[in-house]
Student: 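There's a structure below that I have some questions on.
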Amino acid sequence: MSCPVKYTDAQDGEHLGEESGMLYSEYLMLEKIIKAQRMVSVEENKPVHDEHLFIVTHQAYELWFKQIIFELDSIRGLFSTELEESQTLEILKRLNRIVLILKVLVDQVMILETMTPLDFMEFRGYLRPASGFQSLQFRLIENKLGVQHEHRVKYNQNYSHVFGADQEAMKLIEKSEAEPSLSFIVQRWLERTPGLDADGFNFWGKFQKSVEKLLDEQKQSALNETTESARRFRLASWEQQREVFESIFDVKVHDALVARGERRFTHRALQGAIMITFYRDEPRFSQPHQILTLLMDIDSLITKWRYNHVLMVQRMIGSSQLGTGGSSGYQYLRSTLSDRYKVFVDLFNLSTFLIPRALIPPLTPIMKSHLCLNWETKNYMNGYDKA
């Protein structure tokens, strides 16, 4: 209920007026938030000082998780429309906000580390069977980003084991898995990258010819080595690089890597990402390139958060004890640090396919003019640039 708020001059106390409005504490519902720390150790008449820090820190995590979900949902909504420049800027702003929040979460682990293992042991028993694995919001973040069910480690795949009889949580998880993830939407967006069509600029065909030229030059250079050992070494390196490029030019090889979980993007989306990387200095590729960079930042920071969490758990409970909630604790957490949980792993690997600037296919005048137009202009897909 709103209460009248009286405003008074700070110097002489003179009454300045009266307005109806909410107080700071009312607007933020601080009474509920500040009183939401239930210390079980106090209820058991064995108060443990650091239990309060543990509760507040994890509640802060959950509040920031809520904000990340709010931003992710809005970003996915923007990506699902025909993007205009103003919307692209808004996506950049909101992605950057997520990045900054994740940086806070990474640093927040250091606050928990002011608690010693003995301090934690005093109240750890009160947590069972509760576990951080039961954070519904973190699971929703993973699903909304695009972590695939089959890429999760075994324990983390069993929703009913983690969330028990919480049917509402199960419904939210199933909904988050059924709706298009950010990864899926970004891939559809990348597939529309101007200049990929074979009857237009045909970037992929020109890129392949540039790579063939590069490989021919490298092979000839290797053959010209004066010693047999140097020649064998250079040729072996050349063969490895040839296989790397073959993995992106041969659709069947690429699809096999996707099936094995080593890649995530469709072949067309990967083409778009590579093209944006090469021509990122062009006006209409500058913002898309920033978007790709921020997506990698999000993956990196979540990985760093996992890593810091793993180290903290090892410090607090060691590497052989069982974790709370029935998991294997440290051993389980360590298994989540692999690329299987990186949603945008393909963006990290783009550097593998870079070629010297001198070999990057030059833009034709018509294609260059296209990149000065709006990202979603229909002419992009109509094969205008056949030069």
Side-chain angles (χ1 to χ4, degrees), residues 33-68 99-142 147 152-159 161-164 166 169 298-342:
I33 295 174
I34 292 176
K35 293 182 179 179
Q37 291 74 45
R38 176 194 174 193
M39 294 180 64
V40 181
S41 65
V42 173
E43 294 177 358
E44 297 290 328
N45 294 318
K46 297 178 181 179
V48 180
H49 179 83
D50 281 358
E51 185 184 6
H52 192 273
L53 172 69
F54 186 87
I55 294 170
V56 169
T57 304
H58 284 82
Q59 287 178 336
Y61 273 128
E62 291 296 333
L63 283 173
W64 283 124
F65 288 164
K66 185 173 184 179
Q67 185 64 35
I68 290 174
V99 167
L100 293 176
I101 291 171
L102 288 171
K103 287 181 179 179
V104 170
L105 299 187
V106 169
D107 290 340
Q108 196 165 285
V109 174
M110 293 187 293
I111 301 175
L112 271 179
E113 288 179 336
T114 62
M115 177 176 60
T116 69
L118 281 176
D119 295 330
F120 181 51
M121 186 175 290
E122 285 191 72
F123 68 90
R124 186 187 175 214
Y126 299 134
L127 302 179
R128 296 186 176 94
S131 168
F133 303 116
Q134 295 163 350
S135 171
L136 171 64
Q137 291 195 118
F138 187 70
R139 185 63 62 94
L140 295 179
I141 288 172
E142 289 181 326
V147 173
R152 295 181 181 276
V153 296
K154 186 175 181 181
Y155 175 83
N156 211 235
Q157 290 179 351
N158 192 339
Y159 291 155
H161 178 73
V162 175
F163 294 98
D166 190 342
I298 289 172
D299 249 349
S300 294
L301 287 164
I302 290 178
T303 301
K304 287 179 182 178
W305 182 80
R306 291 182 192 276
Y307 179 72
N308 286 354
H309 189 206
V310 166
L311 292 181
M312 184 188 67
V313 168
Q314 185 180 29
R315 174 182 173 180
M316 292 296 175
I317 68 174
S319 58
S320 60
Q321 299 183 51
L322 286 178
T324 53
S327 75
S328 57
Y330 166 76
Q331 300 297 338
Y332 162 76
L333 289 171
R334 190 175 64 174
S335 69
T336 67
L337 296 177
S338 65
D339 282 351
R340 67 198 299 166
Y341 279 88
K342 277 185 182 174

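One-based numbering along the sequence shown.
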Student: Any chance you could measure Thr116, atom OG1, to Met121, atom CE, to the nearest 0.5 Å?
Tutor: 9.5 Å
Student: Sort and list the pairs that fulfil salt bridge (Lys or Arg N to Asp or Glu O under 4.0 Å) and have at least one residue in residues 40-63, not counting sequence neighbours.
Tutor: Arg38-Glu43
Student: Of all residues at least two apart in sequence or in a different chain, which pass the side chain to side chain donor-acceptor pair (under 3.5 Å) check with Gln108?
Tutor: none
Student: Testing the basics here: between Ala169 and Leu136, what is the closest heavy-atom pair and its distance to 0.1 Å?
Tutor: O-CD1, 3.8 Å
Student: Distance from His309 atom NE2 to Trp305 atom CH2, nearest 0.5 Å?
Tutor: 5.5 Å
Student: Measure the spacing between CD1 of Ile101 and CZ of Phe65 and express it to the nearest 0.5 Å.
Tutor: 11.0 Å
Student: Check ring-ring contact (aromatic ring centres under 6.0 Å, His included) between Phe54 and all other residues, then give those that pass, not counting sequence neighbours.
Tutor: His58, Phe120, Phe123
Student: Please report the interatomic distance OG1(Thr303) to CG(Leu102), rounded to the nearest 0.5 Å.
Tutor: 10.5 Å
Student: Taking only residues two or more places apart in sequence, or in another chain, which ones meet Glu113 in a side chain to side chain donor-acceptor pair (under 3.5 Å)?
Tutor: none
Student: Of all residues at least two apart in sequence or in a different chain, which pass the side-chain contact (heavy atoms from CB on, under 4.5 Å) check with Gln37?
Tutor: His52, Ile55, Val56, Gln59
Student: Please find the pair of heavy atoms, one from Leu112 and one from Met316, that lie closest to each other, and give the distance.
Tutor: O-CE, 3.8 Å
Student: Only counting residues at least two apart or in another chain, list the ones meeting side chain to side chain donor-acceptor pair (under 3.5 Å) with Asn308.
Tutor: none
Student: Restricting to non-hydrogen atoms, name the atom on Leu105 and the atom on Ile68 that form the minimum distance, rounded to 0.1 Å.
Tutor: CD1-CD1, 4.2 Å
Student: Please name all residues satisfying ring-ring contact (aromatic ring centres under 6.0 Å, His included) with Trp64, sequence neighbours left out, ordered by chain then number.
Tutor: none
Student: Considering residues at least two apart in sequence or located in another chain, which fulfil the side chain to side chain donor-acceptor pair (under 3.5 Å) criterion with Ser300?
Tutor: none
Student: Apply side chain to side chain contact (heavy atoms under 4.5 Å, CB included) to the pair Leu53 and Thr114, showing each step before the final yes or no.
Tutor: CA-CA 10 Å; Leu53 172 69; Thr114 62; 3.7 Å; yes
Student: Could you walk me through whether Tyr341 and Glu142 pass the side chain to side chain contact (heavy atoms under 4.5 Å, CB included) test, one step at a time?
Tutor: CA-CA 8 Å; Tyr341 279 88; Glu142 289 181 326; 3.9 Å; yes
Student: Rounded to the nearest 0.5 Å, how far apart are CE of Met39 and NE2 of His49?
Tutor: 8.0 Å
